[in-house]
*Asks:* 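First the structure, which I've put down as structure tokens, then a few questions once you've had a look.
Note that the structure is predicted; figures quoted are calculated from it, not measured. Values below: all heavy atoms of this structure, side chains included; hydrogens, waters and symmetry mates excluded.
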Amino acid sequence: MGENQAAEPPATTMERVGESAKNSQERAKLLRLEELNWDHSFVRELPGDPRTDSTPREVVGACYSKVSPSAKVGKPELVARSESVSELLDLDPAEFQRPDFPAIFSGAIPLVGGLPYAQCYGGQWFGMWAGQLGDGRGVTLGQLVNSRGERLDLQLKGAGKTPYTLQNADGLAALGGSIREFLGCEAMHGLGIPTVRALCLIATGELVYRDVFDDGNLKQEPGAIVCRVAPSLLRFGSFQIHAFRGGESLEIIRLLADYAIRHHFPHLEKTHKSEAPRNKYADLAVEVAERTASLVAGWQGVGFTHGALNTDNMSLLGLTIDYGPFGFLDAFDSNYTPNTVDLPGRKYRFANQPDACLWNVAQFTSTLSTAKLITEDEANQAVGRYGDKFMEEYRSIMTRKLGLPQYNEELVSKLLTNLSVDKVDYTNFFRLLSNVKAVVAAADLDEKDLLAPLRAVLLDIGPEREEAWISWVKSYIQELVAGGVPDEQRKATMDAVNPKYVLRNYLCQSAIDAAEQSDYDEVRRLLKVVQRPYDEQPGMEKYALLPPAWANRPGVSLVSSS
């Protein structure tokens with residue numbers, strides 16, 4: 001042993017041996033694709049379509065149709081992957097390097113053990129019943145159970161036609177929209193908001209035609225497929241389609257509700273058996289309402305606008321699902337909508353998301369009522385619980401974003417007004433707000449110094465607006481002083497809930513522009529940034545910059561589903 005080499009304490013040696021053994025065990029648990037633990041409870045326990053062809057048609061009396069991916073695939077290529085999702089699946093990350101991985105996750109080669117199907121559902125589009133919809137371009141490869149007992153559906157989006165493909169649609173997806181979907185899933189997860197996840201993004205090597213601006217002019221784009229992962233892809237519309245059809249189809253609503261409770265809300269079954277008699281379906285309605293309310297409050301907190309809050313895009317589990325037209329607020333605008341189809345009415349604008357989802361919850365409870373699973377009073381209780389839960393969650397979120405000990409309605413109201421009047425960048429404002437100091441004698445400071453921490457986002461404001469902001473900051477500082485939390489501690493707490501990075505549309509577009517030239521590096525860099533949105537990430541500051549002027553052009557700030 002050298003003279004500068006100290007003997008290692010036995011305890012440390014044992015710790016390292018134990019850690020090495022633990023790591024070896026963890027490595028041993030990682031699976032190859034052929035070893036995934038499939039269960040397929042959805043297909044096994046619910047009624048299916050007797051036909052297995054992909055001919056578009058009305059599918060009655062079934063929750064799904066067994067179909068296989070059929071997208072034309074040339075030379076498929078792995079564009080991006082999420083290793084955190086592979087961990088969720090117990091999948092060895094080395095599997096991403098397999099030569100056949102792109103072919104498997106473009107649907108060109110069947111996934112061993114899978115049992116592919118497309119789900120049947122209906123929905124209301126912008127408040128109007130749209131009839132049967134279903135997975136028109138999504139094929140679920142099957143359901144697996146991981147080592148923690150969690151059920152997970154794997155679905156290929158853009159995998160080709162199914163019985164639910166709309167007339168004149170091709171069942172495919174473009175690379176641009178698929179990049180937005182892939183990054184959107186992982187960005188929302190990074191923000192801590194419930195969401196469908198994305199395992200990988202595959203370029204198919206084929207071209208698709210898309211009406212980018214919904215004006216009848218088709219554009220040729222590269223095709224792609226996203227593999228989405230979620231505990232369940234059940235939607236409000238999964239129940240609604242059977243209520244709409246009535247008759248014998250109403251019994252399917254009960255089967256679906258029982259299935260959902262059994263596999264995704266098992267605590268409701270236990271509560272139902274262990275306590276005084278109660279209606280488990282009413283409890284389901286309440287929990288769906290609460291999860292939806294919490295989800296929407298989370299969206300409002302980070303400035304996320306879904307863009308297409310139709311009932312077929314509402315997850316039964318309270319997950320963000322179907323990233324078509326979506327966007328994060330740049331300049332604060334409560335009327336912001338990213339959806340070209342939602343103009344000029346702006347039904348699903350940012351400010352209207354809570355009410356839009358309340359209406360959707362009412363449609364879901366109405367469906368349970370139609371099937372006589374809950375009474376009208378129980379439906380009303382669930383809808384009422386949505387409103388209460390949303391306000392609880394929203395007030396909690398805004399209180400934490402401001403670093404305050406309790407909610408101050410007047411302070412929040414005046415802040416949102418100021419943000420709107422001056423079109424202040426929502427994300428950057430809250431990130432900078434943690435730099436405001438709690439000083440006892442704010443009135444003794446030079447008033448302009450009060451705004452120093454916020455100058456980077458308070459752009460081009462005149463004397464009158466400057467006075468409005470100074471007044472607000474003074475009131476805010478008074479609240480901070482009353483709270484008594486040390487500045488450094490408060491800053492750390494606020495920075496943990498106010499992201500520095502969000503998936504702005506212009507960042508997506510930059511990655512898409514490069515990817516359409518077969519350069520996927522920007523997609524991968526952006527993925528790494530949005531997976532850690534609350535960290536400073538030295539060297540990545542450009543991803544937090546205000547949008548450039550070109551970001552306001554159609555196709556960037558406003559998009560369609562592709």
*Asks:* Give a yes-or-no answer on whether the side chains of Q531 and H189 include a donor-acceptor pair shorter than 3.5 Å.
*Replies:*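 Per modelled atom types, Q531 and H189 side chains form no pair under 3.5 Å.
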*Asks:* Contact between T305 and Q353 at the side-chain level, heavy atoms closer than 4.5 Å - yes or no?
*Replies:* yes
*Asks:* Say you draw a straight line from CG of N313 to CD of Q124; how long is it, rounded to the nearest 0.5 Å?
*Replies:*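 Here the interatomic distance stands at 12.0 Å.
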*Asks:* Given the rule in the side chain to side chain contact (heavy atoms under 4.5 Å, CB included) test, do Y407 and V412 qualify, once you have shown the distances and angles that lead to the verdict?
*Replies:* CA-CA 8 Å; Y407 185 71; V412 171; 3.7 Å; yes
*Asks:* Do R346 and N339 pass the side-chain hydrogen bond (donor to acceptor under 3.5 Å, both in side chains) test, and can you show the C-alpha distance, the side-chain angles, and the key distance before you say yes or no?
*Replies:* CA-CA 8 Å; R346 298 180 185 270; N339 191 349; over 6 Å; no
*Asks:* Are R400 and T493 close enough that some pair of their side-chain heavy atoms sits under 4.5 Å apart?
*Replies:*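 Result no, sub-4.5 Å side-chain heavy-atom pair not found.
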*Asks:* About how many Å separate CG of L201 and CZ of R180, when rounded to the nearest 0.5 Å?
*Replies:*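 If I round to the nearest 0.5 Å, the distance is 13.5 Å.
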*Asks:* Can you measure from OH (Y386) to OG1 (T365) and round to the nearest 0.5 angstrom?
*Replies:* 12.5 Å
*Asks:* Testing the 3.5 Å rule here: is there a donor-acceptor pair between the side chains of R197 and S84?
*Replies:*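 Yes, side-chain donor-acceptor contact under 3.5 Å.
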*Asks:* Please report the C-alpha distance between L526 and E186 in whole Å, then the side-chain angles of each, then the deciding distance to 0.1 Å, and finally whether the side chain to side chain contact (heavy atoms under 4.5 Å, CB included) criterion is met.
*Replies:* CA-CA 10 Å; L526 189 50; E186 295 309 283; over 6 Å; no
*Asks:* Taking the side chain from T140 and the backbone from G142, do they hold a donor-acceptor pair closer than 3.5 Å?
*Replies:*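 Not confirmed, T140 side chain does not pair with G142 backbone.
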*Asks:* I need the minimum non-hydrogen distance between G483 and P405, along with the two atoms involved.
*Replies:*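 Closest approach of G483 to P405: CA-CG, 3.9 Å.
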*Asks:* Are there more than 12 heavy atoms of other residues, nucleotides or ligands under 6.0 Å from atom NZ of K372?
*Replies:* no
*Asks:* Less than 4.5 Å apart, side chain to side chain, heavy atoms only: is that true for Y394 and S396?
*Replies:*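 When only atoms from C-beta onward are counted, S396 and Y394 do not touch, as no gap falls below 4.5 Å.
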*Asks:* Distance from R532 atom CZ to L191 atom CG, nearest 0.5 Å?
*Replies:*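 With rounding to 0.5 Å, CZ (R532) is 13.5 Å from CG (L191).
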*Asks:* Heavy-atom distance under 4.5 Å between the side chains of L183 and I179, does that happen here?
*Replies:*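 Of all side-chain heavy-atom pairs linking I179 with L183, at least one is under 4.5 Å.
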*Asks:* For the pair D342 (side chain) and Y348 (backbone), establish whether a donor and an acceptor sit closer than 3.5 Å, ignoring hydrogens and angles.
*Replies:*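 Confirmed, D342 side chain pairs with Y348 backbone.
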*Asks:* As an exercise, state the distance from OG of S232 to CZ of F42, rounded to the nearest 0.5 Å.
*Replies:*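 S232 OG to F42 CZ: 7.0 Å, rounded to 0.5 Å.
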*Asks:* Begin with the C-alpha distance, continue with both residues' side-chain angles, and end with the deciding distance and a verdict on side chain to side chain contact (heavy atoms under 4.5 Å, CB included) for Y117 and H40.
*Replies:* CA-CA 10 Å; Y117 67 88; H40 305 310; over 6 Å; no
*Asks:* Please determine whether the number of non-hydrogen atoms from other residues, nucleotides or ligands lying under 6.0 Å from atom NZ of K414 exceeds 12.
*Replies:* no
*Asks:* Among side-chain atoms of N418 and R465, is any donor-acceptor pair under 3.5 angstrom?
*Replies:* yes
*Asks:* Quick one: does H306's side chain have a donor or acceptor within less than 3.5 Å of a partner on G327's backbone?
*Replies:* no
*Asks:* Can you see whether Q363 engages Q240 through a side-chain donor-acceptor pair at a distance of less than 3.5 angstrom?
*Replies:*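 No, because no side-chain N or O of Q363 sits under 3.5 Å from a partner of the opposite role on Q240.
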*Asks:* Specify the closest pair of heavy atoms between G318 and P194, including all atoms of both residues, with the distance to one decimal.
*Replies:*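 Where G318 meets P194 most closely, the heavy atoms are O-CB, 3.4 Å.
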*Asks:* Show the nearest heavy-atom pair for residues L295 and T320, with the distance to one decimal.
*Replies:* CD1-OG1, 3.3 Å
*Asks:* For the residue pair W299 and F390, is the inter-centroid distance of their aromatic rings smaller than 6.0 Å?
*Replies:* no
*Asks:* Is there a donor-acceptor contact under 3.5 Å from the side chain of Y64 to the main chain of V43?
*Replies:*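 Between the backbone of V43 and the side chain of Y64 there is a qualifying donor-acceptor contact (under 3.5 Å).
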*Asks:* Are there over 12 heavy-atom neighbours, none belonging to N335, within less than 6.0 Å of that residue's CG?
*Replies:*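 For N335, atom CG is crowded (more than 12 foreign heavy atoms under 6.0 Å).
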*Asks:* Should K491 and D487 count as an ion pair when the cut-off is N to O under 4.0 Å?
*Replies:* no
*Asks:* Taking only Lys NZ, Arg NE, NH1 and NH2, and the carboxylate oxygens of Asp or Glu, determine whether D258 and K280 approach each other closer than 4.0 Å.
*Replies:* yes
*Asks:* Ignoring hydrogens and geometry, is there a side-chain-to-backbone donor-acceptor pair from S294 to E290 under 3.5 Å?
*Replies:* yes
*Asks:* Establish, yes or no, whether a centroid distance under 6.0 Å links the rings of F304 and F328.
*Replies:*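 Centroid separation for F304 and F328: below 6.0 Å.
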*Asks:* Would you say that K157 contacts D322 through its side chain, given a criterion of any heavy-atom pair below 4.5 Å between the two side chains?
*Replies:*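 Answer yes - side chains close enough.
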*Asks:* Of all heavy-atom pairs between L256 and S238, which one has the smallest distance, and what is that distance?
*Replies:* CD1-O, 3.2 Å
*Asks:* Quick one about Q143 and S41 (side-chain donor to acceptor, distance below 3.5 Å, no hydrogens or angles considered), yes or no?
*Replies:*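 The criterion, which ignores hydrogens and geometry beyond distance, is satisfied for Q143 and S41.
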*Asks:* What's the spacing between N310 CG and W125 CH2 if we round to 0.5 Å?
*Replies:*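 Rounded to the nearest 0.5 Å, the CG-CH2 separation comes to 7.0 Å.
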*Asks:* Is it true that R349 and D333 have a side-chain N and a carboxylate O under 4.0 angstrom from each other?
*Replies:* no
*Asks:* Between E287 and R385, does any NZ, NE, NH1 or NH2 come within less than 4.0 Å of an OD or OE carboxylate oxygen?
*Replies:*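 Between E287 and R385 there is no salt bridge, as every charged N stays at least 4.0 Å from the carboxylate O atoms.
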*Asks:* With side chains defined as the heavy atoms from C-beta onward, is the minimum distance between E392 and K389 less than 4.5 Å?
*Replies:*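 Of all side-chain heavy-atom pairs linking K389 with E392, at least one is under 4.5 Å.
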*Asks:* What are the two closest heavy atoms between Y534 and D495, and how far apart are they?
*Replies:*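 Shortest heavy-atom contact: CD2-O, 3.5 Å.
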*Asks:* Do side-chain atoms of E378 reach the backbone of T375 as a donor and acceptor pair under 3.5 angstrom?
*Replies:* yes
*Asks:* Regarding D535 and K500, does a basic nitrogen lie under 4.0 Å from an acidic carboxylate oxygen?
*Replies:* no
*Asks:* Got L458 and D422 here, is their nearest side-chain heavy-atom distance under 4.5 Å?
*Replies:*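 Counting from C-beta outward, L458 and D422 never come under 4.5 Å.
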*Asks:* Quick one about D135 and Y121 (side-chain donor to acceptor, distance below 3.5 Å, no hydrogens or angles considered), yes or no?
*Replies:*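 The answer is yes; a qualifying pair exists.
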*Asks:* Without swapping roles, check the side chain of R504 against the backbone of L546 for a donor-acceptor pair under 3.5 Å.
*Replies:* no
*Asks:* Using a 4.5 Å cut-off on heavy atoms from C-beta on, say whether the side chain of L154 contacts that of L89.
*Replies:* yes
*Asks:* Please step through side-chain hydrogen bond (donor to acceptor under 3.5 Å, both in side chains) for the pair E45 and H263, ending with a clear verdict.
*Replies:* CA-CA 11 Å; E45 299 176 20; H263 292 296; 2.9 Å; yes
*Asks:* Just by distance, do the side chain of Q119 and the backbone of L233 share a donor-acceptor pair under 3.5 Å?
*Replies:* yes
*Asks:* Please check this pair: side chain of T292 against backbone of V288, looking for a donor-acceptor N/O pair closer than 3.5 Å.
*Replies:*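 Here the side-chain-to-backbone pair exists.
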*Asks:* Please check if the side chain of R431 supplies one atom and the backbone of Y426 the other of a donor-acceptor pair under 3.5 Å.
*Replies:*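 Flag not set: sc R431 to bb Y426 has no pair under 3.5 Å.
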*Asks:* For W359, does the CH2 atom have more than 12 heavy-atom neighbours from other residues, nucleotides or ligands under 6.0 Å away?
*Replies:* yes
*Asks:* Would you verify whether the NZ or CZ of K347 falls within 45 degrees of the ring axis of F126 while also being under 6.0 Å from that six-membered ring's centre?
*Replies:*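 No, K347 and F126 do not form such a contact.
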*Asks:* Can you tell whether the side chains of D312 and R235 come within less than 4.0 Å, N to carboxylate O?
*Replies:*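 Salt bridge absent between D312 and R235.
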*Asks:* Which is it for Y323 and T195 under the side-chain hydrogen bond (donor to acceptor under 3.5 Å, both in side chains) test, yes or no, and what are the steps along the way?
*Replies:* CA-CA 10 Å; Y323 291 83; T195 179; 2.5 Å; yes
*Asks:* Run F364 and T311 through side chain to side chain contact (heavy atoms under 4.5 Å, CB included) and show every step you take.
*Replies:* CA-CA 8 Å; F364 175 70; T311 55; over 6 Å; no
*Asks:* Taking all non-hydrogen atoms of both residues into account, name the closest pair between L411 and E479 and its distance.
*Replies:*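 Result for this residue pair: CD2-CG, 4.2 Å.
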*Asks:* Hey, is R228 close enough to D153 for a salt bridge, meaning N to O under 4.0 Å?
*Replies:*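 Looking at R228 and D153, the cut-off is not met.
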